Q: 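If you scroll down you'll find the structure; I have some questions about it.
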Amino acid sequence: MVDYIVVGFGLAGLSFVNKLEDNNKSYLVYENSSEQSSRVAGGLFNPVILKRFTPAWLASEQLQLAMNVYKNIESKLDVPLISMFPILRRFNDIEEQNLWFEACDKPSLTRFLSSDLIKNQNKALDIPFHFGEVKHAGKIDVSTMLRLYLSYIESKNSLVTESFEYDKLVVKEDFIEYKGVKAKNILFSEGYGLRNNPFFNYLPLQGNKGEYIIIKSEELKLNEAVKSSIFIIPLGDNLYKVGATYNNQDKTPDITVSAKKSLEKKLSRFLKVAYKVVDQVAGIRPTTRDRRPFIGTHPVYKNLHIINGLGSRGILIGPYVTEKLYASIEKGVTLEKEIDINRYFELR
Ligand SMILES: Cc1cc2nc3c(=O)[nH]c(=O)nc-3n(C[C@H](O)[C@H](O)[C@H](O)COP(=O)(O)OP(=O)(O)OC[C@H]3O[C@@H](n4cnc5c(N)ncnc54)[C@H](O)[C@@H]3O)c2cc1C
């Protein structure tokens, strides 16, 4: 008997497994590499919505918690994962500058937005209306974190690299059984793979495909993330992630020529030096209609749980909803209505 089976090891599964580790709970993870959202993510943590200059949902609370969690994972895996750097928002015109200054005065944003206009010093970029600077932002090296955490789990014989077969799950009153393994609880965290899960696929997951191109440029020499209509995120070694696209029609996992073209077109508006596209990646973000995650326990089967719907902000939301779900399962703490899957009970 293990305490938990965890199905899916992206940002959601990783956060929850890390919580189990901290609480000395036993677990078995199933991971089949069918979804790429976390593996291709830009890894940015950014407390501000840069389209409208508003705070992201529960930004302060989530940021503080997430930093503690990722620092804890850095020491566990003995590898640096967090890079702190500002995000520089390119202004399109004077009107945007004014909106930024208005936002700087709002109590929920003063900590995160610098009220100084940042003049561009980088000759590779065309920034006529200057930058606004977002503080307390940065990047988590998600692919390294997932790879090393999976190796760690494997070294404990707690990883099964195969597809979870839902029709083999037997749900009893006080435990579940799967292929001869008994567990007190099972957590489903399959990202967009949720659509194959007969217990939870009544939840209205939408899915939004995102693609990045990876460029190499010797001349760009950028140490901060720059946000215009797209992000440029420094990766080191003169490599940068550029993107991402948002597409809620195409739900295929493949990279596309149209995304590459569209990203290069947007980039050409403000990047003035030579570069080479060296790679392209795609993944489906698990997005929801009301922009709130799917957290909670199955309305009928009390040992089946879910973390999903992290949308485009899995880095900050993952650790936060993990805390909430764990407290709900282990301590009976009531989940907030806005994240609880009970809000969709009637759809079941
Ligand atoms: C292009 C792009 C850029 C992004 N950039 C950022 C960013 O900069 N910052 C940020 O915070 N967020 C970003 N996101 C969003 C973030 O990546 C998501 O919120 C996050 O990946 C969701 O994590 P998840 O664990 O729920 O899903 P996933 O990462 O999809 O993980 C689900 C896992 O479950 C596995 N699985 C599914 N079904 C089964 C099964 N039956 N059996 C076994 N295993 C299974 C899959 O293989 C997968 O590993 C980005 C997303 C994309 C696509």
Side-chain angles (χ1 to χ4, degrees), residues 5-17 28-47 50 56-57 59 62-63 66 70 87 137-143 145-147 149-150 159-169 178 186-201 205 207-214 225 227 230-231 233 235 241-248 251 253 255 259 263 280-288 291 293-295 306-322:
I5 286 177
V6 175
V7 182
F9 197 78
L11 282 166
L14 178 142
S15 271
F16 198 81
V17 164
L28 193 59
V29 172
Y30 285 80
E31 170 55 48
N32 68 358
S33 301
S34 58
E35 296 294 331
Q36 300 304 317
S37 180
S38 300
R39 275 155 198 86
V40 305
L44 286 180
F45 51 91
N46 165 24
L50 288 172
W57 175 58
Q62 290 180 359
L63 183 64
Y70 296 120
I87 296 176
K139 181 174 72 98
I140 304 294
D141 184 347
V142 184
S143 60
M145 176 169 74
L146 288 168
R147 183 170 48 77
Y149 216 124
L150 270 180
L159 175 65
V160 185
T161 49
E162 58 183 47
S163 289
F164 186 85
E165 296 174 70
Y166 301 95
D167 56 349
K168 306 249 162 56
L169 178 64
Y178 180 73
I186 183 163
L187 173 81
F188 292 107
S189 46
E190 309 105 315
Y192 190 61
L194 173 71
R195 65 203 184 285
N196 303 317
N197 181 332
F199 298 98
F200 285 107
N201 63 6
L205 192 71
N208 191 304
K209 183 168 174 174
E211 295 187 53
Y212 278 116
I213 52 173
I214 320 298
K227 167 79 169 93
I230 46 171
F231 275 101
I233 307 168
L235 301 176
K241 253 181 181 165
V242 174
T245 56
Y246 286 81
N247 185 336
N248 56 17
K251 302 290 166 63
I255 56 169
L263 291 172
Q280 188 175 349
V281 291
I284 314 278
R285 304 172 183 90
T287 50
T288 65
R291 293 170 185 252
F294 294 152
I295 309 301
I306 184 169
I307 297 184
N308 211 307
L310 304 192
S312 54
R313 292 185 167 261
I315 302 273
L316 290 184
I317 299 180
Y320 172 77
V321 294
T322 285

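Note: hydrogens, waters and symmetry copies are ignored here, and every other heavy atom, side chains too, is used. Along the sequence shown, residues are numbered consecutively beginning with 1. Quick caveat: nothing in here was measured; it's all calculated off a predicted structure. Both ligands and their constituent atoms are indexed starting at 1 by order of listing.
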Q: If you count the atoms of ligand 1 from 1 in the order shown, which ones are under 4.0 Å from a heavy atom of S163?
A: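 Counting atoms of ligand 1 from 1, those under 4.0 Å from S163 are 42 (N).
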Q: Would you mind listing which atoms of ligand 1 come within a distance below 4.0 Å of any non-hydrogen atom of I315?
A: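 Contacts of ligand 1 toward I315, numbered from 1: 9 (N), 10 (C), 11 (O).
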Q: Pull out every atom of ligand 1 sitting under 4.0 Å from any heavy atom of Y30, numbered as shown with elements.
A: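 Per the distance check, 43 (C), 44 (N).
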Q: Please determine whether any non-hydrogen atom of L11 lies less than 4.0 Å from an atom of ligand 1.
A: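 Within the 4.0 Å threshold, so yes.
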Q: Show which atoms of ligand 1 fall inside a sub-4.0 Å distance from at least one heavy-atom site of F164.
A: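 Answer for ligand 1: 40 (C), 41 (N), 42 (N), 43 (C).
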Q: Between F164 and Y178, does the ring pair (Phe, Tyr, Trp, His ring centres under 6.0 Å) criterion hold? Intermediate values first, please.
A: CA-CA 9 Å; F164 186 85; Y178 180 73; 4.0 Å; yes
Q: Give the numbers and elements of all ligand 1 atoms closer than 4.0 Å to a heavy atom of L310.
A: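 Near L310, meaning under 4.0 Å from one of its heavy atoms, ligand 1 has 19 (O).
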Q: Cation-pi check, R313 to Y320: give yes when NZ or CZ is under 6.0 Å from the six-membered ring centre and within 45° of the ring axis, no otherwise.
A: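 No, a cation-pi geometry is absent between R313 and Y320.
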Q: Taking 4.0 angstrom as the limit and counting only heavy atoms of G43, give me the atoms of ligand 1 inside it, by number and element.
A: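 Heavy-atom distances to G43 below 4.0 Å select 7 (C), 8 (O).
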Q: Less than 4.0 Å is my threshold; does some heavy atom of F45 fall inside it relative to ligand 1?
A: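 False for this residue.
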Q: For ligand 1, which atoms have a heavy atom of G10 less than 4.0 angstrom away?
A: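 That gives atoms 25 (O), 29 (O), 31 (O), 33 (C) of ligand 1.
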Q: Using a 4.0 Å cutoff against the non-hydrogen atoms of S189, which atoms of ligand 1 qualify?
A: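 Listed by number with element: 32 (C), 33 (C), 34 (O).
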